[in-house]
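Just the heavy atoms: all of them, side chains too, but no hydrogens, waters or symmetry mates, feed the values below. On a predicted model such as this, the values are computed, not experimentally measured, just so you know.
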Amino acid sequence: MATYHQIPDDEKGYELDLFCVPKHYEEDLDRVIIPHGLIMDRTERLARDIVRDMGGHHIVALCVLKGGYKFFSDLLDYIKALNQNCDKSVPLTVDFIRLKSYCNDQSTNSVKVIGGDELSTLTGKNVLIVEDIVETGRTMETLLSLLSECNPKMVKVVSLLVKRTPRSSGYRPDYMGFEVPDWFLVGYALDYNEYFRDLGHICILNEKAKVKYKV
C-alpha cells in the first residue's frame with residue numbers, strides 16, 4: 001500500500017500574499033494548497049522510496065507530458081543525488097509520452113496518446129511511469145494497457161497527486177505524493193489550457209479564471 005499525505009476536504013490552505021505568486025496570476029487563484037517547499041520535500045522522500053524498492057534494476061523513467069515534466073525533473077534530480085551518496089543505486093534512462101484527456105476543466109471520456117508508437121522500445125525493460133496527477137485513473141489505465149502489449153519486464157507508477165473523486169475507477173499508483181480533494185488544481189506544471197505551468201506552488205483555480213482562460 002502506497003504511503004501519502006492526505007489533504008482533507010476542509011483544508012483551508014494558505015493566503016496568496018504569504019507566498020511569491022506571479023503578479024499576472026494573482027486574480028486567478030483562490031489560495032495556495034501545497035507550497036513549493038512541501039512539494040520538494042515530499043518528492044525527495046518518494047525518490048528515496050523508489051531507490052529502496054528498485055535499486056539495482058536498470059530503470060526507464062517514462063515522463064507523462066506535459067504536466068509531469070517538472071515533477072519528473074525534480075524527482076530524477078533527487079534519485080541522481082541518492083545514486084551518488086548511497087550504497088544502493090538506480091541506473092536510469094529516460095523516455096517521454098504525451099497523453100491528452102482534458103478539455104477546459106473537464107476530463108473527457110477519451111484519451112489521446114501522442115508518441116505511443118515509441119512504446120515498443122520498452123519491451124523487456126523495467127519502467128517507472130512519472131505522472132503529475134491521477135484523477136479518474138482511466139488515463140493511466142489506458143497507458144498501462146498499451147504498455148502491457150509491449151511486454152515490459154516491470155512497470156511501476158509514481159504520481160505527485162491523486163484526486164479523491166467519485167469519478168475514480170479505483171486505480172491507485174505504486175507511489176503517491178499527495179491525495180487531494182476534488183478541486184481543479186494548477187501550478188508546478190499543472191495547467192489550465194496551457195496557463196499556470198510557470199506557477200511554483202500548487203493552487204486552487206477560481207471560477208473567474210476558468211472563464212478567462214477558457215478555449
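Here the side chains of Leu92 and Ile79 are in contact, with some heavy-atom distance below 4.5 Å. Between Ile129 and Val158 there is no side-chain heavy-atom pair separated by less than 4.5 Å. The closest side-chain heavy-atom distance from Val180 to Leu185 is below 4.5 Å. Looking at heavy atoms from C-beta onward, Ile204 lies out of side-chain contact with Asn206 at the 4.5 angstrom threshold. Residues Pro152 and Asn126 form no side-chain contact, since every pair of their non-hydrogen atoms from C-beta on lies 4.5 Å or further apart. For the pair Leu160 and Val130, the minimum side-chain heavy-atom distance is 4.5 Å or more. Here the side chains of Met40 and Asp74 are in contact, with some heavy-atom distance below 4.5 Å. Phe196 is not listed as a side-chain neighbour of Leu190, based on a closest heavy-atom distance of 4.5 Å or more.
The distance between the ring centers of Phe19 and Tyr14 falls below 6.0 angstrom. Taking the centre of each ring, Tyr175 and Tyr4 stay at or above the 6.0 Å mark. Taking the six-membered ring for Trp and the full ring otherwise, Phe72 and Phe96 have centroids separated by under 6.0 Å.
For the atom pair Lys66 NZ and Glu194 CD, the distance stands at 3.5 Å (nearest 0.5 Å). The distance from atom CD of Glu26 to atom CG of Asp28, rounded to the nearest 0.5 Å, is 9.5 Å. Taking CG from Leu119 and CG from Asn151, the interatomic distance works out to 12.0 Å, rounded to the nearest 0.5 Å. Here the CG atom belonging to Asp191 is positioned 10.5 Å from the CG atom belonging to Asp198, to the nearest 0.5 angstrom. The CG atom of Asp30 sits 10.0 Å away from atom CD of Glu15, with the distance rounded to the nearest 0.5 Å.
Between Lys210 and Glu207 there is a salt bridge, since at least one side-chain N of the basic residue sits less than 4.0 Å from a carboxylate O of the acidic one. The residues Asp53 and Lys156 are annotated as not salt-bridged, no charged nitrogen and carboxylate oxygen being separated by less than 4.0 angstrom.
With Glu179 as the fixed residue, the salt bridge (charged side-chain N to carboxylate O under 4.0 Å, His left out) test singles out one of Arg172, Lys163, Arg42: Arg172.
Minimum heavy-atom separation, Val90 to His57: CG1-O, 3.9 Å.
Checked by atom type and distance alone, the side chain of Thr136 never pairs as donor or acceptor with a backbone atom of Ser169 at under 3.5 Å. A donor-acceptor pair under 3.5 Å links the side-chain atoms of Glu11 to the main chain of Gly13, judged by distance alone.
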Quiz item: Stepwise, does the ring pair (Phe, Tyr, Trp, His ring centres under 6.0 Å) test hold for Tyr25 with Tyr195?
Solution: CA-CA 9 Å; Tyr25 290 146; Tyr195 292 93; 7.4 Å; no

